[in-house]
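Order of the sequence lines fixes the chain letters, A, B, ..., with proteins taken first and strands second; residue numbering starts at 1 for each chain.
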Amino acid sequence: MVLGSELEMQTGSTPEQSEYRSDSELLKNLNPQQAEAVTAGWGPCLVIAGAGSGKTTVLTRRIAYLISEMNQEAETILAVTFTNKAAQEMKNRIEKIVGWQTARKTVIGTFHSICARLLRYDIEEYTTPEGHKLKSNFVIYDETDSLSLMKGVISRLNLDEKVFVPREMRYAISALKNDGFTAQLYAQEAKSYRESRLSEIFLAYQADLARNNAMDFDDLILTFTQVLKTCPGVRNRHHYRFRHILVDEFQDTNRAQFDLIRMLAEPAEEVLGQDPWTERTLMVVGDVDQSIYSWRKADYKIMLSFQNDFKPARLIKLEENYRSTATILDVANSIISNNSERIDKVLRCNRDKGGKVQCFEAQDEIDEAYYIVEELKRLTARGRTLKDCVLLYRTNAQSRALEEVLVRNHIQYTIVGGTRFYERQEIKDVLGYLKLIYNPADGQSFNRVINVPRRGLGKTTLDRVNQYAIESGISPIQACLEAETIRDIAGKTGKSLKEFGEMVNRWHMLSKSIPVSQLLDTLLKETKYIDKLQEDANSSKDELALGRIENVRELIAVAQEFEKSADEPDLDSFLTRISLVSDLDAVREGEDSVTLMTLHAAKGLEFPVVFLSGLEEGLFPHMRSLDSETAMEEERRLMYVGVTRAEDSLYLTLARKRMILGRGPAGGSGFTSNYTVPSRFLREITPGLLAGYYPPPAGERRQEIEQDDPFVQGGGWGQAPSRGGGYQNNNNYGGGNSRPNNYGGGGNYGGGNSRPTNYGSGGNSRPTNYGSSGNSRPTNYTSSGNSRPTNYGGGGYGSNNSYGGGAQRSGSSQPPAKPRAMRMDPNAQPPAKTQHSKENSAPVSFERLAVGDKVQHAKFGIGTVVQVIGDQDKELYNVEFDEAGRRLLDPRFAKLIKTT
DNA sequence: GATGGAACAGTTGTG
DNA sequence: CTGTTCCATC
Ligand SMILES: Nc1ncnc2c1ncn2[C@@H]1O[C@H](COP(=O)(O)OP(=O)(O)OP(=O)(O)O)[C@@H](O)[C@H]1O
């Protein structure tokens with residue numbers, strides 16, 4: 001779906017003039033079952049089908065068909081997708097068929113975004129079962145907000161945080177909400193002591209949310225459903241508007257979501273003598289084998305009982321896979337057939353056999369990343385683009401090693417998910433201001449920003465203000481205005497509070513008349529937020545400060561972009577949108593980069609080339625799924641999802657050793673991690689389908705050497721890869737050592753096919769320390785246009801102090817961040833590991849620059865050095881380019897020519 | 001009330 | 001390893 005479909009290719013880009021004028025055009029290329037689904041008549045319809053069988057394609061065309069062939073108004077259509085991105089894609093495609101004017105009237109989005117949008121209109125008519133009322137300017141609390149709210153609740157109830165762990169309580173309540181329980185309803189159910197306490201917490205938590213005029217994510221769906229249940233007028237209005245409801249990825253629907261669908265699809269009261277499905281449709285599509293969100297209370301049984309819940313429901317099965325090669329499908333099927341809880345289904349392959357699936361066992365996670373990077377280079381040299389490729393992994397933490405090696409090899413990448421833009425401290429600060437301006441009752445945001453930047457208003461004052469606010473039943477902002485009358489507050493403090501309150505009030509007024517970006521400008525100026533960050537940067541107090549400034553600027557850019565494109569560019573929709581967006585890092589047009597994401601995030605997508613990394617017991621399948629058969633089956637479905645993302649080529653990789661949280665799982669000394677066990681999923685694959693590596697039979701354990709001296713281990717492994725019995729196992733680590741990250745030793749990553757990629761330069765089998773272990777990193781790593789003979793780090797990444805300037809992204813949104821910011825900013829450079837940099841610092845040959853120097857750069861043009869960061873020999877230059885804005889560059893990579 | 005450093009805790013996935 | 005919380009000190 002990321003790639004152009006046949007649909008797009010046929011229509012070209014004629015936005016208003018549809019080329020689909022006849023039903024035969026819309027049905028073109030569809031197989032009979034697909035056509036049946038697209039053209040189905042009134043009533044409920046369930047489409048069950050395996051991966052890549054065109055479910056989403058069918059859903060999209062169905063919408064177009066409803067509009068252009070069945071003469072349904074666009075505004076009667078409500079389509080639910082799993083992600084915002086999928087919604088956007090669906091909108092784009094429909095727009096191409098029916099034109100923008102029509103397409104924009106459809107409602108397409110995730111459950112959360114749809115509910116948020118509709119709730120704004122209807123919420124004031126509603127009183128919660130607990131007796132609370134919310135106003136239409138409610139804000140949406142993210143996990144952090146709701147967790148800190150929860151902490152407050154637990155301490156206020158005098159409960160022990162050790163016994164009632166806030167995180168767990170949050171989680172339990174989230175689960176209850178997803179199962180359709182309101183606090184009120186659960187209060188009737190709770191029996192045991194713990195349940196009763198949980199119920200108390202639940203009630204108090206909801207009361208707190210209401211006092212802040214806020215909802216958490218789960219509330220969006222639950223509350224909207226409640227509104228429909230309790231306000232028949234509202235329900236009927238929506239029921240008669242949305243006569244066509246479509247849901248994608250229905251297997252991952254939870255009870256609360258299903259209730260919502262039902263509320264919308266069924267009338268408040270049945271009209272006698274009339275078929276409720278006249279001119280109404282409900283189409284849900286899904287694949288039980290791709291149900292991977294049970295931890296969010298999704299339940300595929302909801303899909304299986306669809307025909308019972310919606311009586312005359314028609315069932316359509318799609319059985320032809322158009323996406324993957326036969327080999328890839330065989331791999332997927334051989335794995336998923338190990339699940340017992342499933343309904344067997346047919347999935348015929350529509351494509352050629354394709355090549356074998358490449359499997360590779362690396363020494364460690366860095367080695368694994370290098371293998372992937374080398375393959376990427378090979379593939380791109382043969383005409384693939386980076387955009388064709390995706391790197392998938394089970395846990396977000398795994399992206400680090402991959403990023404590090406990608407950066408070092410100057411390969412552009414885009415991370416989806418992970419640490420999100422909107423969760424970064426500085427963004428949350430600024431958004432905190434916006435939320436508070438929008439909804440002055442928002443205590444969480446108030447607490448967040450009251451002392452940011454420092455205003456000399458600390459915890460004591462904050463507590464007093466909050467207490468006063470609660471006692472007098474007013475908002476914290478109102479309390480600030482009355483600060484001078486609060487006892488125990490000193491005159492000076494009171495004045496600061498009053499000033500703060502007045503400032504926010506003023507902005508609140510202002511927000512109704514000026515655009516969001518101007519409001520942002522104003523508040524950043526008046527609070528001196530950026531100035532303070534700049535000071536931090538200058539005094540190197542906060543080495544991330546520059547990146548933060550850049551991120552704040554990015555937020556302003558987002559706001560400006562929003563004002564241009566949104567239907568209603570007000571603060572309200574800006575905040576709603578931002579609270580619900582998950583990944584700002586959508587792949588940029590025209591920018592070639594490889595995508596990195598978790599398996600979960602990959603659901604519904606497809607890529608010509610897929611790398612699936614970390615196939616190790618405990619990681620994938622994840623540790624927490626090892627002792628439950630149900631959980632294990634879900635892991636297996638996740639594996640199935642991963643494999644079936646691939647169109648042409650699939651790579652499976654694992655590492656013999658892996659660092660987790662800085663040490664090996666049950667680690668010995670320092671960097672000794674225990675050896676991993678290959679994932680059971682590998683063994684479930686029919687052997688003949690894999691090339692390169694096949695795991696040893698179950699019982700046979702890997703040879704483990706318990707040694708404190710890691711070098712002894714290293715030598716040992718070079719000679720003893722005693723496994724793979726019978727299958728290809730040509731990985732040659734001969735003479736190598738297993739020190740992390742040392743590729744010296746002439747190891748050949750050939751797998752089965754002797755590719756000429758040589759990682760070693762004939763090194764040194766037993767280095768004595770990281771830094772000076774004989775320059776084993778050959779220069780030919782930098783094949784992508786950079787052939788300078790710089791030593792990229794001697795023996796290992798541990799000693800590397802170059803940051804891969806070539807990985808600068810060209811998009812304007814790339815916040816150049818300092819190396820340590822990598823966690824925050826996935827696109828930034830990797831951490832500087834300086835432990836042995838002294839012995840190792842490579843001779844550099846670049847022109848030293850100073851602040852104020854004018855420089856020229858091939859891509860970014862002319863600029864001025866505004867800052868030099870880091871010690872000599874490691875310095876980076878922060879350059880303000882006339883055209884390209886501010887960039888952080890490593891002179892060892894980026895060619896910076898001094899000009900006058 | 002701010003600050004820096006020590007101690008501690010987390011370790012699956014997302015809207 | 002890394003982010004958060006707690007505590008002593010200014
Ligand atoms: N009739 C067809 N002829 C040719 N290609 C098709 C046909 N139907 C679907 N495809 C292609 O097959 C691919 C998979 O389609 P789609 O993403 O809709 O499948 P899906 O069932 O939603 O997959 P998943 O379950 O993995 O989300 C797409 O590239 C789509 O363009």
Of A/Lys459 and A/Arg296, the one whose closest DNA chain B nucleotide lies more 5': A/Lys459
Residue whose closest nucleotide on DNA chain B lies nearer the 5' end, A/Ser579 versus A/Gly458: A/Gly458
Rounded off to whole Å, could you give me the [atom1]-to-[atom2] distance for the [X] and [N] pair?
X	N	atom1	atom2	result
A/Arg577	B/dG15	CZ	C1'	15 Å
A/Leu147	B/dG10	CG	C1'	13 Å
A/Leu392	B/dT12	CG	P	19 Å
A/Glu143	B/dG15	CD	P	11 Å
A/Gln425	C/dT2	CD	P	17 Å
A/Glu168	B/dG10	CD	P	9 Å
A/Asp216	B/dT14	CG	C1'	14 Å
A/Leu497	B/dG1	CG	C1'	13 Å

Side-chain N or O of [X] versus OP1/OP2 of [N]: is the shortest distance under 4.0 Å?
X	N	value
A/Thr598	B/dT14	yes
A/Asn451	B/dA2	yes
A/Arg400	C/dT2	yes
A/Asn396	B/dT14	yes
A/Arg624	B/dT12	yes

Heavy atoms from C-beta onward define the side chain here; which of [options] lies closest to that of [X]?
X	options	result
A/Trp295	B/dG13, B/dG10, B/dG15	B/dG13
A/Tyr293	B/dT14, B/dT12, B/dG10	B/dT14
A/Arg454	B/dA2, B/dG15, B/dG13	B/dA2

Ring-face cation of A/Arg120 near A/Phe138 (centre distance under 6.0 Å, axis angle within 45°): yes
Candidate pair A/Glu341 and A/Tyr300, rule side-chain hydrogen bond (donor to acceptor under 3.5 Å, both in side chains), full reasoning: CA-CA 11 Å; A/Glu341 265 186 62; A/Tyr300 61 82; 2.4 Å; yes
Which part of the nucleic acid, if any, lies within contact of [X], taking any heavy atom under 4.0 Å across all strands shown: a base, the sugar-phosphate backbone alone, or nothing?
X	result
A/Lys151	sugar-phosphate
A/Thr460	sugar-phosphate
A/Glu161	nothing
A/Phe111	nothing
A/Thr461	sugar-phosphate

Any side-chain donor near an acceptor of the partner, A/Asn447 and A/Asn466, under 3.5 Å: yes
Closest heavy-atom pair and its distance - A/Ile336, A/Arg636: CD1-O, 4.2 Å
Under 3.5 Å donor-acceptor pair, A/Asp218 side-chain atoms to B/dG15 base atoms: yes
Rounded distance in Å between the C1' positions of B/dG13 and C/dT4: 23 Å
Close aromatic pair by centroid cut-off 6.0 Å: A/Phe82 and A/Tyr293: yes
The single option from A/Val390, A/Leu392, A/Leu406 passing side chain to side chain contact (heavy atoms under 4.5 Å, CB included) against A/Leu596: A/Leu406
